[in-house]
Protein chains: 2
Amino acid sequence: MQMKATVPITAADIKSACSQCNLLELCLPFGMNEHEINRLDELVGTRRKVKRQQHLYRAGDPFEAIYAIRIGWFKTDVVLEDGREQVTGFQMTGEMLGLDGISTEAHSCNAVALEDSEVCVIAYDKLEELSREVEGLQHQFHKVMSREIVRDHGVMMLLGSMRAEERLAAFLLNLSQRFTARGFSAAEFHLRMTRDEIGSYLGLKLETVSRAFSRFQDDGMIAVQQKHIRILDPEKLRKLIQHPVAVR
Amino acid sequence: MQMKATVPITAADIKSACSQCNLLELCLPFGMNEHEINRLDELVGTRRKVKRQQHLYRAGDPFEAIYAIRIGWFKTDVVLEDGREQVTGFQMTGEMLGLDGISTEAHSCNAVALEDSEVCVIAYDKLEELSREVEGLQHQFHKVMSREIVRDHGVMMLLGSMRAEERLAAFLLNLSQRFTARGFSAAEFHLRMTRDEIGSYLGLKLETVSRAFSRFQDDGMIAVQQKHIRILDPEKLRKLIQHPVAVR
DNA sequence: GGGTGAGTTTGACGTGGATCAATGGAGCCC
DNA sequence: GGGCTCCATTGATCCACGTCAAACTCACCC
């Protein structure tokens, strides 16, 4: 009900086609054969544009579809009654959103665009239907869900067992690796999120994030200029995680 | 390969049947109709006993099956190269284990029995096969995976945004609720895990867990005697989470 | 061009939880 | 029944990160 209001003029009704999409290698179709991918075209009905700061969905919205990001960046977060917010993930091109909704048939978190973005809308009932026929789709979908679970465990490790600088190092290396997978530079990129959002994701205050950035810069590991990041010494960042407290 | 070694004499080869199982309401079959559940019996081939402290699977083991807990308790954890351990969950009767393995076809965490336990072994290839035919199974399986994702987000909230006592309160209330769902007392139960394991799960040191228990007891919210817990004032525990810092 | 506001950086200080250390059970085995 | 081992509790101290506050940067707009 509220959903409509969040996509005022921006909803687009363009027919999309996985078989024509250059995100094949990153997105749901990965690992499927040509025939299977052609059948996917039945599935992905429409695209939807979401402007920066707008919600793709909100906690509580009825669950109807999952989304594949074509262009842009999102964050997902959960909010406690008292207003405390926890960012649960940052999603980029080729990644999936909305899997949390299957369990209760309502979304359990918010998904907000960090920049003007566009997603493919995958009607969930159709996805189930088609994945009963197309083995490759079924398998790939299960992998996507499982990967999300594994990712979440990684975040738990980060939040539960690592110190501030280790968390940020892990975060930067993770971003770098995801950019690489998309053919972008591993060493130089723009952050789409604020220090506050990074902090929420990493279980830190924004000041702590900022200080860690500065420290990394002083130590020659990175160059920071606002949201622009250059990774100068990825190996040193990796070591930081493996050998938590430098020399102790 | 290593797997075999971890189930020495305990592996049982008893034919099990979901349709005869009293965990119907809690386990994978939940929400399926009678006909569908009968077909499930094809799926759950064997049971396996796992003694306390033994691994059901280890990170790196090839993924072949998921597991439904019939009897007992498990923990799952991930371990960093430097030995730091993060408990990612505690699983009890009727809950699923092994979903993390689908994504890479190898398990990404360890599953260890906290007491002598027994699981139903669900061969994954058969599960995919059958869930292409049985709509209710497919849907239910997706819900189980999605529920795990939602649960993980809750843990992230806990680790990223809550203080020590809030984390422990949330943990106790969660246990209480899961016991209730199984027909056990909501107010009185035995913990199967040590303070250290609770601490790992909650991102705290064991001393902090112990102190929080003591404080809850002093405040009349619970009665603790080693692993035996009685919840005396669940409402006060809930309030603790909703109104984080008492009077501020 | 200067005013406004959101986001970031940096400093000074406070504190929640970690660390270190000692003591106290409970279960188990000989 | 006494000693061993594992776990839990409690106290004293420390420190990583949070909090509070001020200044700085950049974008945007009138």
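Chain identifiers are assigned alphabetically (A, B, ...) following the order of the sequence lines, protein sequences preceding nucleic acid strands; residue numbering begins at 1 within each chain. In what follows, every heavy atom counts, from backbone to side chain, and hydrogens, waters and symmetry copies are set aside. All figures in this text were calculated on a predicted structure; none of them were measured in a lab.
Under 3.5 Å, the side chains of B/Glu85 and A/Ser161 contain no donor-acceptor pair of N or O atoms.
The nearest whole Å value for the distance from the CG atom in B/Asp196 to the P atom in D/dT5 is 19 Å. Between the CE atom of A/Met162 and the C1' atom of D/dA16 there is a distance of 15 Å, given to the nearest Å. Summarising the geometry, the separation between CZ on A/Arg192 and P on C/dA6 is reported as 23 Å, rounded to the nearest angstrom. In this structure, B/Arg163 places its CZ atom 12 Å from P of C/dT15, rounding to the nearest Å. Between the P atom of D/dT9 and the CG atom of B/Leu168 lies a distance of 11 Å, rounded to the nearest Å. In this structure, the CD atom of B/Gln226 is 8 Å from the P atom of C/dG27, given to the nearest Å. If you measure from atom NE2 of B/His190 to atom P of D/dA8, you get 13 Å, rounded to the nearest angstrom.
Between the CD atom in A/Glu165 and the CZ atom in A/Phe216 there is a gap of 5.0 Å [rounded to 0.5 Å].
Using a 4.0 Å cut-off between a side-chain N of Lys or Arg and a carboxylate O of Asp or Glu, B/Arg48 and B/Glu118 do not qualify as a salt bridge. With salt bridges taken as basic N to acidic carboxylate O contacts below 4.0 Å, one links A/Asp116 and A/Lys51. In summary, A/Arg151 and A/Glu95 do not engage in a salt bridge, as defined by a charged side-chain N under 4.0 Å from a carboxylate O.
Every residue two or more places apart in sequence or in another chain that forms a side chain to side chain contact (heavy atoms under 4.5 Å, CB included) with A/Glu207 is listed here: A/Lys205, A/Arg211.
Closest contact between the side chain of B/Lys227 and the listed nucleotides C/dG16, D/dC7, C/dT8 involves D/dC7.
Contacts between residues 199-216 of chain A and DNA chain C, counted as heavy-atom distances below 4.0 Å, involve A/Leu206, A/Glu207, A/Ser210, A/Arg211, A/Ser214.
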